[in-house]
Structure formats: C-alpha cells, structure tokens
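A, B, ... follow the sequence lines: proteins, then strands. Residue 1 opens every chain.
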There are 2 protein chains.
Amino acid sequence: MSNSLVAMPAIPDIVIGRLPLYLRALIYMKNQGQLTTSSNELGRRLGMSSAQIRKDLSHFGEFGKQGTGYHINYLVDQLRQILKLDQEWRVAVIGAGFLGHALANYNGFIHRGFHISWIFDSDITKVGEDMGGVVVQPMDELEETIAREGTQIALLAVPAERAQAVTDRLVKTGVQAILNYAPINLTVPPDVQVGYSDPVVQLQHMTYYLDASRS
Amino acid sequence: MSNSLVAMPAIPDIVIGRLPLYLRALIYMKNQGQLTTSSNELGRRLGMSSAQIRKDLSHFGEFGKQGTGYHINYLVDQLRQILKLDQEWRVAVIGAGFLGHALANYNGFIHRGFHISWIFDSDITKVGEDMGGVVVQPMDELEETIAREGTQIALLAVPAERAQAVTDRLVKTGVQAILNYAPINLTVPPDVQVGYSDPVVQLQHMTYYLDASRS
DNA sequence: ATCCGTGAGTGAAATATTTCACATATCGAT
DNA sequence: ATCGATATGTGAAATATTTCACTCACGGAT
C-alpha cells in the first residue's frame, strides 16, 4: 500500500529531462565494455557536477554503492524503467517532406524504445511511397489508423500553418505526446505532452553569445 | 563609456533562451497584421506568465508603454538586435544523409537570419549532388572552405562515431557554434557554443509522463 | 478635466535548483 | 585487522528563478 497520506512532491521536470542524458551516456560506456562508473566520471562526460547527478538519482532510489560507484547495467535498467522505456512506444510521423523522410529513415529510434509504424501525408502523389520501410499513408486515414494501432506518440513535421489543426486531430484521436518540428507554439490539453524542435530557435539562442565581428 | 566599475551581472541564460520564442510569436502576430500586444497576450500564447515576460524583457530595457503594451515592430527589431540577428549568419551543414538533406532544403532558415552556404560529406559519390540549391562538397575541403568563407555556425548531422572528430576540426577552423544532431555529448572549448538536438532524448523525457497502459 | 480600465516595470517574497561538505560505506593493499 | 583512497546519499546553505503585488502611466470615455 502506498503512503497516500503524506504529500509526495512531484519530481522536478528539470530532473526528468536530464535522465535521458544519463541513460545515453551510460549506454555509451556500456558499449565501450565498461562495467561501472561514478557520478564523477559521468559528470565529467556530461559537463555537469557530480553532486547534481547524485542528487537527481536520489529522487528515485539508491542505485550506487559507496566507495564503488554505479553498476552500469543496473543503472541503465533502472533508468529505463523510470522513463517507461521497458516497453516499445508506437510512433507516427505526420508529414512526408524532407524532414518526415529523414525521421522515418532514422534508425536511432528503434534501439532506444520507439517504433515508427506510420507516416502520413496529405499529398496524394506521395501516398504509397516507401520511406525507411514505412509506406506513406493518406492523411484522411490518420484517425482510423492511429486509433486502430494505438499509436501513442506523433512526430509532427508538417508546415506551420497546418500544425495546430493536425495537432487537434491527433489529440482527439488519443495521441499522448507530440514532438513538434514546426516553428509554432501548439495548444493542447494538459494531459498531452508537447516537445519542441525548432533549429532556428536553438541557433538564435546561440547567436546571442557569438562575436558578430569574428570572421 | 560603459560603466566598467560596477559589476554587471550576466543575463541568465534561461532568459536568453526564451527570447527566440518571444520573437517567433511576435513575428507571427505581425504577419497576422497585428500592431501591438501585451505581456498578457504573449504569455497566453506561449503558456507562460505575463510577469515572466515583463521581467525577461526588463533585463534589456523598457520596450513597452504602460496602459498600452508593446509595439510589435519595435519589439521585434529590439529582440533581433539583442540576439544579433541584424546580420546574416553563415551556416554549413556537415553530413549529407537524410537529415543533412532535410536541413539543406529547409527554407525556414534564410528568413530568420541564417544562410546555409555549404554542405559537406565524406562519401565521394554524394559530392556534386545538389541539395536545396547547395552543392555537396567533399569533406576534405572542410577546413579550407570554412576558413575562406568565414562560416560561423555548423549543423552537425554525421554519425555519432564521427561527431567528436568532426567537431574538433570545426573548432580548429574557427566555427563559433555547433548544433549537434548526433546522439552524443560533445567536448568543446568554452568559447564555442553547442546546442543539442536528439529527438530520442526529447521523447524519453515525455514518456516519463505518459500512461503506459493507455492504448 | 476627471475617471476608469489596462498594463508596464519592479522591488520583495516565494519557490526552485544547485552546490557544499560531511557522515558513512566499500575495497584493496599492507 | 587496519589504513587510505574513493565515492555515495543527503541535510543545509547558497544561488537562481519565478511570482506577487504595487506604483505609476497611458488613453479613451464621460
């Protein structure tokens, strides 16, 4: 029985956001044949303090051993469980332009917990085309297919003008998370997760720090 | 003469990171024909508090008018200046795979301050191919071309195994900012900016909040 | 001319996040 | 068996960030 009388504060979102980075670095080390690591080494690799890593992990349990550090395999398993990666998530790509094409062909998804099952486009001439082993579906069939297959996540790679309208359809059909590549802010109900990926926003953040005169 | 005796605290990076979002929303409104806005409206659009927007902007000056709000054109100009977007930055894409292809063809860059001048690939069979008006160059010529053209920013779309090695070459040649699409952490000198874009990391962040049982 | 609703800018307060530094545990070597 | 080096987990302290709530200004309406 869980302790329902004590207010359990939610774990800060900023902490959750770092867990995938820890996981990625740990898997990298694991693939190098390494068996253990320490908050110190991990911190050095990721450019952050060891204290932050220990504090972050301490929200979820005690995964390390004093004097020894962390057993990589064990910590990887734990992080996967925390992030709900011990299952495969079904992902649909919306929009089969250059970006949708690149996403469908990216083989970094499947080994990290995500299976791209569908790609949709409103351009009828693209329907039927094979992209990375996935065949382009007509946009008309979005709702039916997503509902039938129980697709949980969408990668939104449509023009900005259509992003909100498509989002509304996705939400209505039960998609739980959307990673939006269009340069526009989306409005969704609070139980739907949205992530943003606008390369220009990232570049504009960096230019603030650049020396305009150099080169 | 600037006030060199008073310690001027740096503006928080988290504030800088929000400016491109304000800019994007303002340009959107501007394109809708809107002339003025308020911290309230902007906040509603972006899902943040009006106080935060006012506080953020107050780091740089007084751009609004009490009782009236902000003049969109003026604020856009100011933000562009702050973010050093009143010039065109020269960008090279490294890696001409599906992703490099998508980046080279993305027409969202040029109107927002970034000009993709070059795309490089080590695969000699891709050299000469036209991607979004840019011709693929051999990787061997990376240093020479970047130095000659004064390219300031690189979009790194090479396999993870090669990302650090290519980064070292870019840094040595004088590139000031790198947006890394490879799923690996990069090590760079402190005067070089690095941004990361790993879709899987973003998805893994979102899955934490998803209901594993749904669908 | 005055009033009223709107809204910026801003110190102060409240929260959130990071870092410090220490008690404690482990392991290998002597 | 003891020592020393290493390294976790964690309260407390230090910082950073956000929100509050107020003063003051503007502009349209009466």
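Partners of Tyr208(B) by ring-ring contact (aromatic ring centres under 6.0 Å, His included), not counting sequence neighbours: none found. Scanning for salt bridge (Lys or Arg N to Asp or Glu O under 4.0 Å) contacts around Arg169(A) gives Glu143(A), with sequence neighbours left out. Tyr196(B) pairs by the ring-ring contact (aromatic ring centres under 6.0 Å, His included) definition with nothing, not counting sequence neighbours. Residues satisfying the ring-ring contact (aromatic ring centres under 6.0 Å, His included) criterion with Phe109(A), sequence neighbours excluded, are Tyr106(A). When the side chain to side chain contact (heavy atoms under 4.5 Å, CB included) test is applied to Thr145(B), the partners found at least two apart in sequence or on another chain are Trp118(B), Phe120(B), Glu141(B), Arg148(B), Glu149(B). The side chain to side chain donor-acceptor pair (under 3.5 Å) check on Glu41(A) picks up Gln34(A), Thr37(A), with sequence neighbours excluded.
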Atom pairs and distances, side-chain donor-acceptor, residues 153-166 of chain A, under 3.5 Å, sequence neighbours left out:
residue   : atom : partner   : partner atom : Å
Arg162(A) : NH1  : Ser122(A) : OG           : 3.0
Gln164(A) : OE1  : Thr187(A) : N            : 2.9
Gln164(A) : NE2  : Asp168(A) : OD1          : 2.8
Gln164(A) : NE2  : Thr187(A) : O            : 3.0

Pairs of donor and acceptor atoms involving the side chains of residues 59-82 of chain A, under 3.5 Å and at least two apart or interchain, shall be tabulated with distances.
residue  : atom : partner  : partner atom : Å
His59(A) : ND1  : Lys55(A) : O            : 3.2
His59(A) : ND1  : Asp56(A) : O            : 3.3
Asn73(A) : OD1  : Lys30(A) : NZ           : 2.9

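A nucleotide of DNA chain D counts as in contact with chain A when one of its atoms lies under 4.0 Å from a heavy atom; the first and last such, 5' to 3', are dT6(D) to dA12(D).
Within the structure, the salt bridge (charged side-chain N to carboxylate O under 4.0 Å, His left out) test picks out the following pairs touching residues 103-115 of chain B (sequence neighbours left out): Asp198(A)-Arg112(B).
Contacts between residues 39-70 of chain B and DNA chain C, defined by a heavy-atom separation below 4.0 Å, involve Ser39(B), Arg54(B), Lys55(B), Ser58(B), Glu62(B), Phe63(B), Gly64(B), Lys65(B), Gln66(B), Gly67(B), Thr68(B), Gly69(B), Tyr70(B), listed by number. Within residues 15-31 of chain A, the residues approaching DNA chain C are Arg18(A), by heavy-atom distance under 4.0 Å.
Looking at Gln176(A), its side chain does come within 3.5 Å of a backbone N or O of Asp211(B) through a donor-acceptor pair.
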